[in-house]
There are 2 protein chains.
Amino acid sequence: MNNTIEPEFHFSDRALKLTSSAIREILKVTEKKEIISFAGGLPSPDGFPVEIMQEAFNKVLAENGRTALQYGTTEGYTPLRQWIVEEMNESGANINIDQVLVVSGSQQAIDLLGKIFINEGDKILVENPSYLGALQSFGLYQPNFVPVSTDDGGLIPEHITEQIAFNARFLYALPNFQNPTGRTLSLERRKTLVKIMGDLNIPIIEDDPYGELRYTGNKQPSLLSLSKENNSTVIRLGTFSKILAPGLRLGYVIAPTPIIRKLVQAKQATDLHTPMLTQMAVYEVIKNGFLKTHLPKIREIYRTQGQCMLKAIKDEFPKDVKWTKPEGGMFLWITLPKHLDSSLLLNKAIKRNIAFVTGKPFFIAPTPEENCTMRLSFATVPEDKIIEGISSLGQLIKENL
Amino acid sequence: MNNTIEPEFHFSDRALKLTSSAIREILKVTEKKEIISFAGGLPSPDGFPVEIMQEAFNKVLAENGRTALQYGTTEGYTPLRQWIVEEMNESGANINIDQVLVVSGSQQAIDLLGKIFINEGDKILVENPSYLGALQSFGLYQPNFVPVSTDDGGLIPEHITEQIAFNARFLYALPNFQNPTGRTLSLERRKTLVKIMGDLNIPIIEDDPYGELRYTGNKQPSLLSLSKENNSTVIRLGTFSKILAPGLRLGYVIAPTPIIRKLVQAKQATDLHTPMLTQMAVYEVIKNGFLKTHLPKIREIYRTQGQCMLKAIKDEFPKDVKWTKPEGGMFLWITLPKHLDSSLLLNKAIKRNIAFVTGKPFFIAPTPEENCTMRLSFATVPEDKIIEGISSLGQLIKENL
């Protein structure tokens with residue numbers, strides 16, 4: 001028995017708006033072993049190069065332990081930043097090292113961008129639906145979220161009119177295998193988007209955690225590389241979470257130097273710097289072309305499981321259900337017939353040991369589909385379990401039609 | 001030649017206030033090898049247990065690589081949190097694991113506390129002078145800083161009257177070997193402070209990065225342990241930066257669970273979690289009492305260098321100069337005669353290859369001494385260089401009296 005009265009604490013307005021995310025709550029349920037979970041956003045640990053990472057940490061600590069364990073510069077480890085410059089420029093960008101800041105995962109980049117750009121009430125443009133972690137992170141700075149509508153081809157650039165975008169601080173977009181929908185912007189839409197945003201003089205935040213996980217179709221140029229041709233500003237977020245391992249918490253921002261300078265100051269006040277040891281170890285792993293042999297292996301894991309899920313859905317789901325056909329990444333987006341509520345379906349699914357994430361939390365503005373959508377991840381589920389889980393889910397949908 | 005016109009960016013009000021800190025600028029100067037720098041805030045790398053860390057990272061990656069490299073919970077690695085609970089309770093606190101959040105260095109704790117407590121214009125109480133990194137971090141949330149005056153015994157609790165403290169969100173204090181002054185609160189002041197703040201119902205943030213670096217005098221109880229006796233709220237910040245290595249970026253917050261819950265939500269939106277690999281490796285290092293043999297070694301480094309600096313100052317500085325006599329930590333605080341401006345002295349010192357940090361940036365409100373104070377760190381300078389540097393600095397002061 002605990003009879004002590006807890007004192008009341010006076011939190012800031014932004015803190016009062018914070019709630020534990022619906023997804024986080026579902027993930028607690030899915031920790032049970034018997035659950036087949038399509039809910040998670042975790043990459044497959046089969047793709048983690050554990051032994052190579054072990055060798056790299058070992059080498060860095062043996063050869064440069066004191067540097068790796070000392071405070072480092074906020075900007076990041078210079079050879080790693082230089083590697084990022086070369087990678088980007090090889091794929092069509094034209095940047096220099098002063099445009100690169102190393103961060104503690106893309107999530108930190110999102111937070112820092114919110115910090116330096118958003119005053120309370122400022123307009124920001126986001127795809128509807130969009131990545132929940134970004135909505136939460138930006139939300140702490142209390143912006144006015146303005147939805148950009150989407151279709152099967154992702155966000156619709158032409159919908160960003162001068163009126164809608166007036167005085168917006170930025171557009172936040174995930175052009176490749178978007179979370180939650182798995183959709184990808186076509187080359188044409190990319191060009192139009194960069195042009196429109198350049199004309200409006202509004203920066204685009206290009207968040208691209210999944211771009212290297214393309215397992216079919218043609219690679220599209222980054223918005224950053226397309227921005228060279230006109231005067232648009234693209235702030236690109238990259239990460240090692242999906243190509244090496246997410247637990248490293250290692251990502252980067254590419255932006256014009258005045259923005260990087262502000263981000264550096266904000267990061268200094270936020271966590272001083274990202275650990276040198278991690279940066280040096282990752283550089284050790286990737287410096288001699290390791291990713292050229294490693295990425296095809298990861299893509300194969302995702303391709304196999306993604307294709308397996310697509311086939312299972314085609315075989316098992318009733319005709320009136322629609323789904324996206326992603327060319328990479330980790331997620332599929334399901335649209336049920338309108339009268340089916342995906343949150344009610346989830347309750348029933350969990351009783352049959354299947355979990356997924358409902359679509360609603362990803363929407364920042366009401367849409368006709370918000371209650372009948374769901375996100376499925378195939379990243380961490382083996383093929384036999386995908387087939388079993390999708391079959392069971394298909395059966396459940398049919399029972400509730 | 002670069003003739004492109006940079007676009008103008010519209011930053012948030014808080015970002016416009018961000019400037020590169022004066023200290024950061026000095027640190028750039030001190031990178032030159034010929035400089036004897038008393039300016040830095042870096043711990044001595046002689047105290048980093050590099051080989052032990054190497055073994056630990058190796059073991060964790062070999063035995064639990066997939067877990068260490070996967071996403072982890074925001075709260076932190078359970079065995080590490082449990083270790084923190086036991087450490088705290090052994091030294092007189094009475095906490096449980098739900099009161100512990102692992103963070104990416106104490107700096108992140110400071111940022112998260114600003115995030116969840118400060119609305120623009122809210123009053124917060126800080127020692128005058130105080131740790132610059134905290135002033136910058138809280139400053140991003142645009143509070144109204146209210147100075148608490150200090151003397152040679154640190155902050156003066158009796159000065160925190162009901163009127164001064166009315167509606168303040170918290171008091172931020174460094175009770176042990178304070179940065180920048182090296183001052184420590186007496187047991188009596190600790191008890192008075194905890195009582196006063198409890199009566200006023202205002203939380204104390206107890207930032208204690210240096211507490212384990214005591215090399216003389218008696219250990220004082222933490223404000224956290226004293227808070228048991230009355231109803232006061234103490235939020236304690238701890239770090240592995242000074243007892244293992246700062247580059248790990250590993251710290252923790254201890255607070256009542258409603259505050260921890262808010263901090264967890266804020267951290268999730270900020271960087272998801274602190275790397276599991278680091279947490280697991282550090283736990284591996286400390287779980288069997290390593291610190292009991294390691295801490296005396298570190299204290300001896302700081303004791304030797306600190307005593308060396310104190311003796312050199314006594315021998316070389318003119319009579320009208322005053323200085324603190326810290327019983328631990330990394331810093332000494334010098335007060336020159338009032339007509340001597342420490343920033344003019346710094347310019348001259350750098351020409352003689354000596355660097356230090358002027359006192360002014362640490363003050364949040366004007367005081368008679370703000371222009372004639374300076375902070376000296378002895379943490380990373382070997383004894384012969386301390387003697388040489390202090391002698392040269394003493395000579396310079398005499399020339400400018």
Side-chain angles (χ1 to χ4, degrees), chain A residues 6-7 9-15 18-20 42 45 48 50 53-54 57-58 61-62 65-66 68-72 104-105 107-108 111 115-119 133 136-137 140 169 201 203 231 233 245-249 256 258-259 262 265-266 268-278, chain B residues 6-7 9-15 18-20 42 45 48 50 53-54 57-58 61-62 65-66 68-72 104-105 107-108 111 115-119 133 136-137 140 169 201 203 231 233 245-249 256 258-259 262 265-266 268-278:
Chain A
E6 277 190 347
F9 301 106
H10 299 278
F11 295 116
S12 63
D13 295 340
R14 75 179 76 78
L18 277 169
T19 50
S20 198
L42 276 59
F48 302 167
V50 177
M53 293 299 313
Q54 188 185 343
F57 273 93
N58 219 2
L61 282 167
R66 286 177 167 219
L69 294 174
Q70 186 56 285
Y71 283 124
S104 306
Q107 189 70 34
Q108 183 179 56
D111 178 57
K115 220 170 205 171
I116 71 159
F117 278 119
I118 303 173
N119 282 323
Q136 289 180 317
S137 196
L140 276 169
R169 293 300 177 156
N201 195 22
N231 253 335
T233 298
L248 297 167
R249 310 308 304 124
I259 295 175
K262 277 287 165 215
Q265 291 167 353
Q268 207 192 349
T270 301
D271 69 353
L272 299 181
H273 67 90
T274 296
M276 287 290 280
L277 173 57
T278 313
Chain B
E6 278 191 347
F9 301 106
H10 300 277
F11 295 115
S12 62
D13 295 340
R14 75 179 76 78
L18 277 169
T19 50
S20 198
L42 276 59
F48 301 168
V50 177
M53 294 297 314
Q54 188 185 341
F57 274 92
N58 218 4
L61 283 166
R66 286 177 167 220
L69 295 173
Q70 185 57 284
Y71 283 124
S104 305
Q107 189 70 33
Q108 182 179 55
D111 177 57
K115 221 171 203 169
I116 70 159
F117 279 119
I118 304 172
N119 283 323
Q136 290 180 317
S137 196
L140 276 167
R169 293 299 178 157
N201 196 22
N231 253 335
T233 299
L248 297 166
R249 311 307 306 123
I259 295 176
K262 277 288 163 214
Q265 292 168 353
Q268 207 192 348
T270 300
D271 69 353
L272 299 181
H273 67 91
T274 296
M276 287 291 279
L277 173 57
T278 313

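Worth knowing before you read on, the calculation uses all heavy atoms, side chains too, and leaves out hydrogens, waters and symmetry mates. Within every chain, numbering begins at 1; the chains are lettered A, B, ... in the order of the sequence lines, protein sequences first and strands thereafter.
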Practice item. Report the C-alpha separation of T233(B) and F9(A) in whole Å, then their side-chain angles, then the decisive distance to 0.1 Å, and conclude whether the side-chain contact (heavy atoms from CB on, under 4.5 Å) test is met. Key: CA-CA 10 Å; T233(B) 299; F9(A) 301 106; 3.7 Å; yes
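Options L277(A), L69(A), I118(A), V50(A) differ in how many heavy-atom pairs under 4.5 Å they form with chain B, and the most are formed by L69(A). Ranked by non-hydrogen atom pairs under 4.5 Å with chain A, the options G105(B), G133(B), P246(B), A266(B) are led by P246(B). Heavy-atom pairs under 4.5 Å with chain B were tallied for A269(A), P45(A), S12(A), A68(A); the largest tally goes to S12(A).
Evaluation of the side-chain contact (heavy atoms from CB on, under 4.5 Å) rule for Q54(A) yields N58(B), L61(B), A62(B) as partners, not counting sequence neighbours. Here F11(A) pairs with F117(B) under the ring-ring contact (aromatic ring centres under 6.0 Å, His included) rule; sequence neighbours left out.
Residue contact with chain B, scored on non-hydrogen atoms closer than 4.5 Å, involves the backbone and the side chain of M53(A) alike. If you measure heavy-atom distances from I259(A) to chain B, the contacts under 4.5 Å come from both the backbone and the side chain.
The two residues K262(B) and A15(A) have their closest heavy-atom pair at NZ-O, 2.9 Å.
Separation of atoms CZ (R249(B)) and OG (S104(A)) is listed at 9.0 Å; rounding is to 0.5 Å. Distance check, rounded to the nearest 0.5 Å: CZ of R14(A) to CD of Q265(B) gives 14.0 Å. Atom CG in D13(B) sits 13.0 Å away from atom CD1 in I116(A) (nearest 0.5 Å). D271(B) CG to D271(A) CG: the interatomic distance, rounded to the nearest 0.5 Å, is 7.0 Å. Remark: S137(B) OG to Q268(A) CD distance equals 10.5 Å, nearest 0.5 Å. Rounded to the nearest 0.5 angstrom, K115(B) NZ and L140(A) CG are separated by 5.5 Å.
Not a single donor-acceptor pair under 3.5 Å links the side chain of R66(B) to the backbone N or O of F48(A).
For the pair Q70(B) and L42(A), the minimum side-chain heavy-atom distance is below 4.5 Å.
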